[in-house]
Enquirer: 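One structure, pasted below without further comment.
Quick caveat: nothing in here was measured; it's all calculated off a predicted structure. Values reported hereafter were calculated over all heavy atoms of this structure, with side chains retained and with hydrogens, waters and symmetry mates removed. In this chain, residues are counted from 1 in sequence order.
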Amino acid sequence: MHTVAAEVRRRRKELGLSAQDLADKCAEIGHPIPRNVIANMESGRRSTLPLVDVMVLAEALETPPVCLIYPVGYVDSVQQLPLRHSTSPMSALQWFTGEETDLGMNDDMLRYFRAHHAAEEQLRTALRDEDYARYHAKTAPNADRKAEALRHQAHAAEAADDALDRLRAARAFIEEEGATPPYLWPDLAAVVDPPESDPNTTEE
């Protein structure tokens, strides 16, 4: 509570906001936190702070909620949990966000959603690079330039295939666990799960 209160005060002053300004921004978000509540929190007269208040204050202060709880770079140490020895803010933040892998508490679903995101970004980049290289191969002014562009195109195609395999594997795991995979924009969805051709349609 002390860490959150201090970081709210620091961040508020950094943005040039008064306690009333911050209260007004919270009200605009749709979850009013009166000025006197903010003042009591910052002064230490308020002993508890609901999670929803932390989230709304973070939005009003234009910072991630976890940075109010574990303000990396602004304090030397924090308590990761009550009645525990202090630790570095970065270690506490990585534990909070699930990035810490040494605790024996890995969440497969979280891991696969992260893998999905990474593969999706790689696939989008590779497809863009492939299109770019294909264009340069077609418009190359000489044979050397065309050969170079074709090499880049092949490399990008290989990266796209790798990303596609990992993306499909992540989506398959998520579905097997009874969860819903992340939404894919139509351009990627057509690549990941291309529509089946109509067997009644014949090519001319």
Enquirer: Is Met90 reachable from Leu81 through a run of hydrophobic residues whose side-chain heavy atoms are each under 4.5 Å from the next?
Expert: yes

Enquirer: Is any side-chain N of the basic residue among Asp108 and Arg111 closer than 4.0 Å to the acidic one's carboxylate O?
Expert: yes

Enquirer: Would Thr125 and Gln122 satisfy side-chain contact (heavy atoms from CB on, under 4.5 Å), going step by step from the backbone distance to the final call?
Expert: CA-CA 5 Å; Thr125 299; Gln122 180 185 333; 5.8 Å; no

Enquirer: Just verifying a value: how many Å separate Thr87 OG1 and Leu93 CG, rounded to the nearest 0.5 Å?
Expert: 11.5 Å

Enquirer: Could you give the distance from CG (Leu22) to CG (Leu17), rounded to the nearest 0.5 Å?
Expert: 6.5 Å

Enquirer: Rounded at 0.5 Å granularity, tell me how far CG in Leu15 sits from CZ in Arg10.
Expert: 8.5 Å

Enquirer: Flag yes if Val54 and Trp95 sit in one hydrophobic cluster, no otherwise; membership is Ile, Leu, Val, Met, Phe, Trp, Tyr, and two members link when side-chain heavy atoms are under 4.5 Å apart.
Expert: yes

Enquirer: side-chain contact (heavy atoms from CB on, under 4.5 Å) between His116 and Leu184: does it pass, once the steps are laid out?
Expert: CA-CA 10 Å; His116 185 287; Leu184 286 176; 4.0 Å; yes

Enquirer: Identify the two heavy atoms, one from Met1 and one from Ser47, that lie closest to each other, and give their separation to 0.1 Å.
Expert: CG-O, 3.8 Å

Enquirer: Is there a chain of hydrophobic side chains (I, L, V, M, F, W, Y, each step under 4.5 Å between heavy atoms) that links Val191 to Ile174?
Expert: no

Enquirer: Side-chain contact, heavy-atom cut-off 4.5 Å: Val78 with Ile69?
Expert: no

Enquirer: Between Asn40 (side chain only) and Asn36 (backbone N and O only), is there a donor and an acceptor less than 3.5 Å apart?
Expert: yes

Enquirer: Quick one: does Arg168's side chain have a donor or acceptor within less than 3.5 Å of a partner on Val192's backbone?
Expert: yes

Enquirer: Going by the salt bridge (Lys or Arg N to Asp or Glu O under 4.0 Å) test, which pairs reach into residues 34-45, not counting sequence neighbours?
Expert: Arg12-Glu42

Enquirer: For Glu59, is the CD atom crowded, meaning more than 12 foreign heavy atoms sit under 6.0 Å from it?
Expert: no

Enquirer: Taking all non-hydrogen atoms of both residues, which atom of Ala119 and which atom of Arg166 are closest, and how far apart?
Expert: CB-NH1, 3.8 Å

Enquirer: Looking only at the side chains, is there a donor atom on one of Tyr132 and His136 sitting less than 3.5 Å from an acceptor on the other?
Expert: yes

Enquirer: Where do Arg46 and Leu49 come nearest, in terms of heavy atoms and distance?
Expert: NH1-CD1, 3.3 Å

Enquirer: Can you tell me how far the NZ atom of Lys138 sits from the NZ atom of Lys146, to the nearest 0.5 Å?
Expert: 10.5 Å

Enquirer: Taking the side chain as every heavy atom from C-beta outward, state whether Thr63 and Pro71 have any atom pair closer than 4.5 Å.
Expert: no

Enquirer: If you look only at pairs with a residue in residues 170-189, which of them pass as a salt bridge (Lys or Arg N to Asp or Glu O under 4.0 Å), with sequence neighbours excluded?
Expert: Arg124-Asp187

Enquirer: Measure across Ala60 and Ile29 and return the closest heavy-atom pair with its distance rounded to 0.1 Å.
Expert: N-CD1, 3.6 Å

Enquirer: Any carboxylate oxygen within less than 4.0 angstrom of a Lys/Arg side-chain nitrogen, looking at Arg151 and Glu148?
Expert: no

Enquirer: Measuring from Leu123:CG to Asp161:CG, what's the distance to the nearest 0.5 Å?
Expert: 9.0 Å

Enquirer: Can Phe96 be reached from Val4 by stepping across I, L, V, M, F, W or Y side chains whose heavy atoms are under 4.5 Å apart?
Expert: yes

Enquirer: Please report the interatomic distance CD(Glu120) to CG(Leu167), rounded to the nearest 0.5 Å.
Expert: 6.5 Å

Enquirer: Quick one: closest heavy-atom pair of Thr180 and Phe113, and the distance?
Expert: O-CZ, 3.5 Å

Enquirer: Just so I know, are the side chains of Gln80 and Tyr70 near enough to count as touching, which here means a heavy-atom distance under 4.5 Å?
Expert: yes

Enquirer: What pairs of residues pass the salt bridge (Lys or Arg N to Asp or Glu O under 4.0 Å) test when at least one of them lies in residues 18-34, not counting sequence neighbours?
Expert: Lys25-Glu62

Enquirer: Spell out, yes or no, whether Val52 and Ile38 are grouped together once hydrophobic residues are joined by side-chain heavy atoms under 4.5 Å, including indirect joins.
Expert: yes

Enquirer: Any side-chain heavy atom of Cys26 within less than 4.5 Å of one from Leu57?
Expert: yes

Enquirer: A side-chain contact here means heavy atoms from C-beta on lying under 4.5 Å apart; do Met41 and Arg9 qualify?
Expert: no

Enquirer: Closest heavy-atom contact between Ala23 and Pro34?
Expert: CB-C, 4.0 Å

